[in-house]
2 protein chains.
Amino acid sequence: MEQDKYKRDFIGFVERLCPLGNDAATIFSQQLVTVRFNKGETILKQDGICRYVYFINSGLVKTWFESKDRSFIMRFFAEGNMFTVLDSYLAQQPSAYAVEALENTVLTRISKTDMDKLCARFHTAETFFRKLISMASVNMMSRIGEILEEQASVRYENFLGENPDLVQRISLGDMASYLGITQVSLSRIRAII
Amino acid sequence: MEQDKYKRDFIGFVERLCPLGNDAATIFSQQLVTVRFNKGETILKQDGICRYVYFINSGLVKTWFESKDRSFIMRFFAEGNMFTVLDSYLAQQPSAYAVEALENTVLTRISKTDMDKLCARFHTAETFFRKLISMASVNMMSRIGEILEEQASVRYENFLGENPDLVQRISLGDMASYLGITQVSLSRIRAII
DNA sequence: ATAGTTTTTTATCATTTGATAAATTTTCGC
DNA sequence: GCGAAAATTTATCAAATGATAAAAAACTAT
């Protein structure tokens, strides 16, 4: 059954970070729910509360926020990865960021309530979660360093080099929002390169 | 004894994130070592391996990196806070960032070896560590958002507003490196405001 | 296929920041 | 306090990016 495969892929991701043990894996798996979003649909509204950790079975999403009349993208997440909106998830408070599907997307998720129970009961679950957040932190560190250090044109080229597969799936406008520049500026950068 | 107070402050920070229980607190405390650095001294060299999690009993440090002929500051950490160089610490690999004391500084630290043992033995220790990293992540998220969204002058004013105490302790040059602009640019911004 | 919509490009001018150099002020050791 | 060194400011010109408008290209629904 499709649903089982989606769950297995979620658990597979978890166990690559930290093997759970049979008990934990079974119980973990029972808490998972698969949901679908069409291209353009909102998965989490700005000011909504993020109640889940998500695994992307297929598709692509962006976490982003609107400010003045421009928008900015924190990160893209494609199939095979996990995401949540960390500050909202941890504190269960309104999120500064929204999440939107950029393609038809299949997500398998676990609720914070269930995740907390798992973490309390199984040390391995907590270890997995710690590693997941660690990965996110390390990513963010290098992003901060890169934004401070490099101009948009260099960051654009770096992104092309590091995510050759993603590039074709992301619009110019979204790419610009991720770089923190306007669509028009990115178009100019492209013309020059 | 001074050393005991330093350890108690470290443990106090930990317990505010996650109460440890008596056993864990005692054993945790036994692994702590206090070290001192003078203003200007290097706590961790770029390409060094970060083997500790540090608590700052007193003083101020910066984590930074050099690139081309400019330098950039990832973060300042003042007394009462904890820090490590996360990617280097987790993977025990050479660090892209250096750590330097901006004032005479007293640090109390625990080695990764001991921390790993504590986390394996006490669930609470791992929970503490997860929360520590979570805090760092949430901080970094808002920093990324702010850098994307705001010009240096706005980020400077925000920093003044959020860290009125720190401002007097940080040089113009370091402040500029934190903002990702040159010293001269920050001086100009100051003149205009 | 066509009309309408959205996305991307091109152009122009304004603002922000960088690079460099020099002047000024502050800090620090003696 | 004095002089050297370091930090900060001021000035000038160049490069990167923003704002706006309009043209061109790509995509969509009928």
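Naming: A, B, ... by sequence-line order, numbering from 1 per chain. In this text, all values refer to a predicted model and were calculated from it rather than measured experimentally.
- Put simply, A/Arg188 has no side-chain N or O that comes within less than 4.0 Å of OP1 or OP2 on D/dT17.
- For the 3.5 Å distance criterion, the side chains of B/Thr124 and B/Thr127 fail to qualify, holding no donor opposite an acceptor.
- Between the CD1 atom of A/Ile189 and the P atom of D/dA16 there is a distance of 9 Å, rounded to whole Å.
- Between the CG atom of B/Leu102 and the C1' atom of D/dA6 there is a distance of 16 Å, rounded to whole Å.
- For B/Tyr178 and B/Phe159, the gap between ring centers is short of 6.0 Å.
- Nearest to the side chain of A/Arg70, among C/dT8, C/dT17, D/dG18, sits D/dG18.
- Rounded to an integer number of Å, the gap from A/Glu149 CD to C/dG18 C1' is 15 Å.
- In the hydrophobic clustering, A/Tyr6 connects to A/Val106, either directly or through intervening members, whenever side-chain heavy atoms lie under 4.5 Å apart.
- Note on the helix from C/dA1-D/dT30 to C/dC30-D/dG1: angle between the axes of the first and last five pairs equals 60°, rounded to 10 degrees.
- Where B/Lys39 and A/Gln183 meet DNA chain C, the nucleotide closest to each residue was compared, and A/Gln183 sits on the side nearer the 5' end.
- A side-chain donor from one of B/Gln3 and B/Thr34 sits under 3.5 Å from a side-chain acceptor of the other.
- Note on B/Ser187: every side-chain N or O is 4.0 Å or more away from OP1 and OP2 of D/dT8.
- Checking the phosphate oxygens (OP1, OP2) of C/dT17, no side-chain nitrogen or oxygen of B/Thr182 falls inside 4.0 Å.
- Applying the 4.0 Å criterion to OP1 and OP2 of D/dT17, one finds that A/Ser185 has every side-chain N and O outside that range.
- At whole-Å resolution of the value, CD1 in B/Ile181 and C1' in D/dT8 are 14 Å apart.
- In this entry the distance linking CE of A/Met175 with P of D/dT17 reads 13 Å, nearest Å.
- Rounded to a whole Å, the CD atom of B/Glu150 is 16 Å from the C1' atom of C/dT17.
- Summarising the geometry, the separation between CZ on B/Arg190 and P on D/dA11 is reported as 17 Å, rounded to the nearest angstrom.
- In summary, the side chains of B/Ser177 and B/Asp174 do not present any donor paired with an acceptor at a separation below 3.5 Å, with no hydrogens or angles considered.
- Nucleotides of DNA chain C nearest to B/Val184 and A/Gly173 differ in position, and the one nearer the 5' end is that of A/Gly173.
- B/Gln93 and B/Asp87 share no side-chain donor-acceptor pair at under 3.5 Å.
- Between B/Tyr54 and B/Phe83, the ring planes are parallel. Angles under 30° get that label, and only those over 60° would be called perpendicular.
- For the pair B/Asp69 CG and C/dG18 C1', the computed distance is 11 Å after rounding to whole Å.
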